[in-house]
Each structure stands twice: as structure tokens, then as C-alpha cells.
Amino acid sequence: MNIAELESVARSLVPSGKGILAADESAPTIEKRFRSIRLPSTEENRRAYREVLFTTPGASDFISGVILFDETIRQKASDGTPFPVLLAEQGIVPGIKVDEGARPLAGFPGEKITEGLDGLRGRLAEYRELGARFAKWRAVLAIGEGTPTPYCLKANAHALARYAALCQEEGLVPIVEPEVLMDGSHAIERCEEATLAVLSLVYAELAAHRVHPEGTLLKPNMVLPGEECPRRAGVDEVARVTVRTLSRVVPPAVPGIVFLSGGQAPAQATAHLNAMNALGEHPWELSFSFGRALQDPVLKAWQGRPENVASARKAYHHRAMLNGAARGGKYSPEMESAS
Ligand code: 13P
């Protein structure tokens, strides 16, 4: 294991003013996203869409890395340049989603375990060959009556740690993603409790698996009330509770925390990230690894039409710029309408 390289890649993903684009939607997920613009999910449409994102001029001013899906890391731009090469040429680090999805956890109705450990060592070696320098594995925890159970938390934390150890062995920086979903009507306090519980177990398992924290990144949910909870939380409350939760369990040795957006509206995710950074200095960089919060406006502008490529690129650049500003607590809602 080349520890110096792992540390340097991890740090290069969280420089000031930049964050990560999650463009690693699996086949069923991208199909769902394309359905919102009534576009069939063919291989060529998926390729063309990713090409719009990866060829946006100036995106690398705000984007440090891009997470790809297995199909995408093997695809090429129209001029024949493989996507990982196209990104690396712009100084953007290519990454890869390596989990194989969350499936029902046997014996625990309503709960899920993420699969994909079998054969992972071999797949990681291939992804590194293809240009990936970091990876992602997502565990999903749902808040419900009596859930998440301690067993589900432990099983997912264990899988995340096995994945992370294998990544570091293969020279890839693992992004560790335990996502507490915002589905439901629970109060923010329950999200705080579940997030604290899962992160405590994750860091215990990572240590037990001898994972080197300086060569990892954490991708957590923000601490939010459930989507259907009548008591909404203000931006400052979300920022304060999220940072408090993280500060209780995430070792300062971890270089960066890159939040997922989890279904928040794009401007809301940006405002939350901004408020956390505006709180002052933290032991880790607080950044983004957004999927929907970066891409929703792009898909809406693109609609699958070549004549819309310029406005789609503009929408992506704008959203990336706003999140780049939020990295330093320099975003304000008035910037949303400026182009
Ligand atoms: P969202 O930002 O849309 O939650 O996606 C991030 C991600 O990569 C989920 O695994």
C-alpha cells in the first residue's frame, strides 16, 4: 500500500473551493432520472449525457473529482477519448462506484445491506487500470419503527470497512458512504441519533480493519428532519446539528467530509453546506459529492436535445460554481439568479 499516494489523492479531492460530482447512477437510477425528461435510457443517451457534463468548460474550477459507474468508466467522448482520460486531462480525478447495490437484509424487514464484496479485489485492480484513483460504496439506512436496528448498522459498517481496506490495498482512496435516508416523518433528533450511531460503528470497524484514516473520505447525509416531518429545520439548525454530530465521531485525521445531497433541492443543499463552512474552522474539509443537487438543473436544461447542450453546460457550471462558493461560506441565495 502506498500510503503517501493515498493521502495525496484524498487531499486532492477536497481543495478549497472544489468538490465532487457524483455521476455514478446505476442503470435503474439513470433510467429513473431520464424518465423525468421523457428520455429513453439507451447506452448512447447515457454516454451523450455524461459527455455534456465532462466537457463543460471551466467545470474543473469547482470540481475536483467525478464518480463514474462501471459502464461510464469504459465509455468515450465523441472524439474517441476515454472518459477517465478526458477528466484526468482537466485535472479532475476519476473515481468509481464499486458496490453492487443495496438489497433486503434477510430477517430484517424494511432494512438493507449493500452487496458487492465478492470478487471486489479483482474489480478494483481493473478499475485502477482504467484510470480510477478513488472509489465509492454506499450503505443505506432507513429510519422507521424500530429501525435502523443495531444489527443492520453493524452489518453495513462491517461491509464498508472491508471495502475500504480492499481499496487501500489496491491504491484507491475509499469514499465511505453511510446514508441515513430522509424518507419519513421523523424529527431531526432521530436523524441525529441514527447518524451518530452509524458513524460510531463505521469508525470502530474501519479501525478494526486497519484502514488508514488519512487516506479516506467520508460521504455522509446531512442531519435533517424526515421529508414529511411537520417541523422543518432552519438552515442554521441543520448546519449546527450536522457539524456537532460529525465532531463527536469523525476522527480529525480524516481529510474531508463530502456530503451527499440525498434528495434536497439543489439550492437547499448548497445553503446547508455554506452554513456549515460559515461556522468557522473545522478539523476536516467540508465539501460536496452531490448527484441530484448538481445534475437536476442540467437534465432539465438538456432534455436530451443537442441544441440544448450549451444551456445544459451553463446550468452545470453555475451549480458547480455555487457549491464551490459554499465550500468557503461565500454563497448567498442572491447568487442563484446571477448567471
Ligand atoms: P445524491 O447527491 O443525489 O444523494 O447522490 C449522491 C450519491 O452519490 C449517492 O450515492
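Excluded from the calculations below are hydrogen atoms, water molecules and symmetry mates; all remaining heavy atoms, backbone and side chain alike, are included. All ligand and atom numbering here is 1-based and tracks the order in the structure.
When non-hydrogen atoms are compared, ligand 1 lies under 4.0 Å from the backbone of Ser261 as well as from its side chain. Counting heavy atoms under 4.0 Å from ligand 1, residue Ser289 touches it through the backbone alone. Both the backbone and the side chain of Arg292 come within contact range of ligand 1, each with a heavy atom under 4.0 Å.
Among the atoms of Gly262, some N or O lies under 3.5 angstrom from an N or O of ligand 1. Considering both main-chain and side-chain atoms, Arg33 never comes within under 3.5 Å of ligand 1 through any nitrogen or oxygen pair. Of the polar atoms of Gly291, at least one N or O is found under 3.5 Å from an N or O of ligand 1, judged by distance alone.
In this structure, Tyr151 and Phe108 have parallel ring planes: the angle between them is below the 30° cut-off, well short of the 60° mark. Aromatic ring pairs are classed by plane angle as parallel below 30°, tilted from 30° to 60° and perpendicular above 60°; the pair Trp284 and His282 is parallel.
In the vicinity of Phe290, heavy-atom distances shorter than 4.0 Å reach the ligand 1 atoms 2 (O). Using a 4.0 Å cut-off to heavy atoms of Ala22, the atoms of ligand 1 that qualify are 8 (O). Listed by atom number, the atoms of ligand 1 under 4.0 Å from Glu177 heavy atoms are 7 (C), 9 (C), 10 (O).
Not a single side chain to side chain donor-acceptor pair (under 3.5 Å) links Glu31 to another residue, sequence neighbours left out.
A salt bridge links Glu285 and Arg327; the closest N-O separation between the charged side-chain nitrogens and carboxylate oxygens is under 4.0 Å.
No close placement of the His272 and Phe259 rings is indicated, their centers lying 6.0 Å or farther apart. A centroid separation of less than 6.0 Å is found between the aromatic rings of Phe83 and Phe54.
At least one side-chain heavy atom of Tyr49 sits less than 4.5 Å from a side-chain heavy atom of Leu299.
Among all protein heavy atoms, the one lying closest to atom 6 (C) of ligand 1 is Lys219 NZ, 3.4 Å.
Comparing Lys97, Lys136, Glu179 by heavy-atom distance to atom 10 (O) of ligand 1, the nearest is Lys136.
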Worked verdict on Arg74 versus Glu126 for salt bridge (Lys or Arg N to Asp or Glu O under 4.0 Å): CA-CA 11 Å; Arg74 303 168 197 280; Glu126 190 197 0; 2.8 Å; yes
